[in-house]
Amino acid sequence: MTRQALRLIDDNNAGLFEGIVHAFEVCRTVSSVDILRGLDAVPETFGEPGGTVVTIGVFDGVHRGHQLLISKAVDTARELGVPSVVMTFDPHPVTVFAPGHTPAALMSLEERARHIAELGVDYLLVIDFRHELGGVSPEGYVEDVLVGQLRARHVLVGENFTFGKDAAGTATTMAQLGERAGIDVTIVRLLSDGGVKVCSTAIRDELSGGNVQTATDYMGRPFSVIAPIERGAGRGGKELGYPTANQYASDAAAIPADGVYAGWLTIIDDAPIDGDMEPGVRYPAAISVGTNPTFGDNRRSVESFVLDRDADLYGRMARVEFVGKVRDMVKFDSVEELLEHMARDVDTTRDILGA
């Protein structure tokens with residue numbers, strides 16, 4: 001029986017899907033989502049007897065456009081009474097097609113999984129494109145994977161979706177192949193915000209310009225960095241009176257342009273904190289991103305001065321959320337000049353956060 005092969009949805013005024021902040025380690029399950037690591041982890045009876053609803057993408061950032069697409073898949077699955085499946089990739093498929101041009105990651109796989117789980121997905125299938133699917137033709141992709149292994153009854157993809165060897169397949173190709181295979185295919189238009197297509201590339205561009213508020217608008221939540229707190233030069237507290245929690249993000253991770261920002265710091269592990277802070281609580285912070293030119297530190301870091309708190313945070317895992325920009329990075333001629341600007345930065349941070 002041939003089903004309707006193509007429905008085109010344009011829903012640029014869809015609401016945001018806010019994330020709830022929790023920390024976890026990716027294992028077999030996250031919240032209520034079952035995580036399948038690779039096609040070999042898909043059970044032989046997967047999707048029986050009614051099939052599945054599948055959506056496919058990297059979903060880096062799980063931004064508002066991604067939230068719209070995934071939520072439509074979840075709604076469709078619930079209407080049909082079958083499981084919803086998100087198929088994603090780690091690492092980014094570009095590492096196969098153009099290794100030197102892999103985009104900086106907006107979030108780790110763990111964070112992607114957490115936000116995808118919050119949208120009510122039943123299964124998250126994580127594919128390593130270097131070993132699976134990279135050489136598969138679009139026809140094989142549909143016949144062997146979507147039909148043969150996932151028993152897809154309905155597939156939803158974004159209008160810019162590509163798949164198969166050398167990215168030869170497009171969203172239209174998926175609709176055509178789906179019709180032959182008896183799969184409904186829905187192509188969802190990219191979400192627009194102020195005339196700009198909401199996509200991971202646009203978010204990276206805004207971050208590289210220090211426009212964290214626009215990045216927040218596109219993501220539907222503040223952009224954040226998650227990393228352990230390490231010891232820096234030690235001058236912030238001892239010499240300046242502004243002790244900072246220093247984090248060094250991976251070179252493969254996206255972070256905002258060098259500058260000073262207002263935001264929030266949360267310790268996301270569960271152990272008690274020595275001081276007047278508690279795990280899981282968001283605290284206002286003035287955040288410096290970049291090297292430390294005044295003191296000759298060339299490592300690019302995220303340094304957070306938590307307002308009005310005194311605690312030992314070394315070795316703790318922290319999430320730092322960026323809310324607004326305070327100023328660009330400047331090299332000061334003296335410690336006195338630096339201190340004067342830091343005091344202003346704290347005042348501006350309070351104004352932005354209402355803290």
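Side-chain contact between Leu207 and Leu106 is present, with heavy atoms from C-beta onward closer than 4.5 Å. The side-chain heavy atoms of Val136 and Val145, taken from C-beta on, include no pair separated by under 4.5 Å. Met107 has its side chain out of reach of Arg114: every pair of non-hydrogen atoms, C-beta onward, lies at least 4.5 Å apart. For the pair Val260/His341, no side-chain contact is recorded, criterion being any heavy-atom separation below 4.5 Å from C-beta on. By the 4.5 Å heavy-atom criterion applied to side chains, Phe223 and Pro256 are counted as neighbours. Residues Asp128 and Pro91 have side chains in contact (heavy-atom distance under 4.5 Å, counting atoms from C-beta outward). Counting only heavy atoms from C-beta outward, the side chains of Tyr314 and Arg231 approach each other to under 4.5 Å. Inter-residue side-chain proximity for Leu69 and Leu156 is flagged as met; some heavy-atom pair is nearer than 4.5 Å.
Judged by distance alone, with hydrogens and angles left aside, the side-chain atoms of Thr244 form no donor-acceptor pair with the main-chain N or O of Asn246 at under 3.5 Å. A donor-acceptor pair under 3.5 Å is absent between the side-chain atoms of Asp193 and the main chain of Val198, judged by distance alone. Between the side chain of Glu132 and the backbone N or O of Leu39, at least one donor-acceptor pair lies under 3.5 Å. Arg112 places no side-chain N or O within 3.5 Å of a backbone atom of Val62 that could act as its donor or acceptor partner. Remark: the backbone N or O of Lys197 is not paired with any side-chain donor or acceptor of Ser192 at under 3.5 angstrom. No donor-acceptor pair closer than 3.5 Å links the side chain of Thr214 to the backbone N or O of Glu206. Not a single donor-acceptor pair under 3.5 Å links the side chain of Tyr283 to the backbone N or O of Ile267. Distance alone, capped at 3.5 Å, is enough to place a donor-acceptor pair between the Asp276 side chain and the Asp310 backbone. A side-chain donor-acceptor contact under 3.5 Å links Arg204 to the backbone of Ala104. Judged purely by atom type and a 3.5 angstrom limit, Glu303 has no side-chain atom pairing as donor or acceptor with the backbone of Gly290.
Annotation: His66 is in aromatic contact with Phe59 [ring centroid separation under 6.0 Å].
No continuous path of hydrophobic side-chain contacts links Tyr141 to Val94 [ILVMFWY only; heavy atoms under 4.5 Å]. By the rule that hydrophobic residues join a cluster once side-chain heavy atoms approach within less than 4.5 Å of another member, Phe46 and Val142 end up as members of one cluster. Note on Val212: it does not cluster hydrophobically with Trp264, by side-chain heavy-atom contacts below 4.5 Å among ILVMFWY residues. In the hydrophobic cluster analysis, where Ile, Leu, Val, Met, Phe, Trp and Tyr join through side-chain heavy atoms closer than 4.5 angstrom, Ile35 is grouped together with Ile70. Residue Met329 is not grouped with residue Val326 when hydrophobic side chains (ILVMFWY) are merged at heavy-atom distances under 4.5 angstrom, including chains of intermediate members.
Of all the heavy atoms in Pro138 and Leu177, the pair that sits closest is O-CD1, 3.6 Å. Minimum heavy-atom separation, Ala257 to Ser208: CB-O, 3.2 Å. Closest approach of Pro284 to Leu353, counting heavy atoms only: CB-CD1, 3.6 Å. Across Val185 and Gly178, no two heavy atoms sit closer than the pair CG2-CA, 4.1 Å. Shown here for Ser71 and Leu119, the closest heavy-atom pair between the two residues is OG-CD2, 3.8 Å. Minimum heavy-atom separation, Ile203 to Ala215: CG2-CB, 4.2 Å.
The residues Arg300 and Asp258 are annotated as salt-bridged, a charged nitrogen and a carboxylate oxygen being separated by less than 4.0 angstrom. In summary, Asp328 and Lys325 engage in a salt bridge, as defined by a charged side-chain N under 4.0 Å from a carboxylate O. Between Arg316 and Asp274 there is no salt bridge, since no side-chain nitrogen of the basic residue lies less than 4.0 Å from a carboxylate oxygen of the acidic one.
Rounding to the nearest 0.5 Å places CD of Glu143 at 7.5 Å from OG of Ser137. Expressed to the nearest 0.5 Å, how far CE of Met87 lies from CG of Leu133 amounts to 5.5 Å. Here the CG atom belonging to Leu124 is positioned 11.5 Å from the CG atom belonging to Asp122, to the nearest 0.5 angstrom. Here Met174 contributes atom CE and Thr162 contributes atom OG1; the two are 10.0 Å apart, rounded to the nearest 0.5 Å. Interatomic distance, Glu159 CD to Leu191 CG, rounded to the nearest 0.5 Å: 10.5 Å. Separation of atoms CD (Glu321) and OG1 (Thr216) is listed at 9.0 Å; rounding is to 0.5 Å.
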request  = Would you check, one step at a time, whether the test side-chain contact (heavy atoms from CB on, under 4.5 Å) holds for Tyr261 with Ile352?
outcome  = CA-CA 9 Å; Tyr261 300 86; Ile352 292 174; over 6 Å; no

ask   = Should Ile287 and Val302 be marked as a side-chain contact (heavy atoms from CB on, under 4.5 Å) after you check the CA-CA gap, both sets of side-chain angles, and the distance that decides it?
value = CA-CA 7 Å; Ile287 307 159; Val302 175; 3.6 Å; yes

message = Pair Leu150, Leu125 - check side-chain contact (heavy atoms from CB on, under 4.5 Å), show working.
response = CA-CA 10 Å; Leu150 301 184; Leu125 172 60; 4.0 Å; yes

inquiry  = Before you tell me yes or no, could you show the steps for Val82 and Arg151 under side-chain contact (heavy atoms from CB on, under 4.5 Å), namely the whole-Å CA-CA distance, both residues' side-chain angles and the distance that decides it to 0.1 Å?
reply    = CA-CA 11 Å; Val82 300; Arg151 293 175 175 82; over 6 Å; no

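Under the 30°/60° scheme for interplanar angles, the aromatic rings of Tyr242 and Phe305 are found to stand perpendicular.
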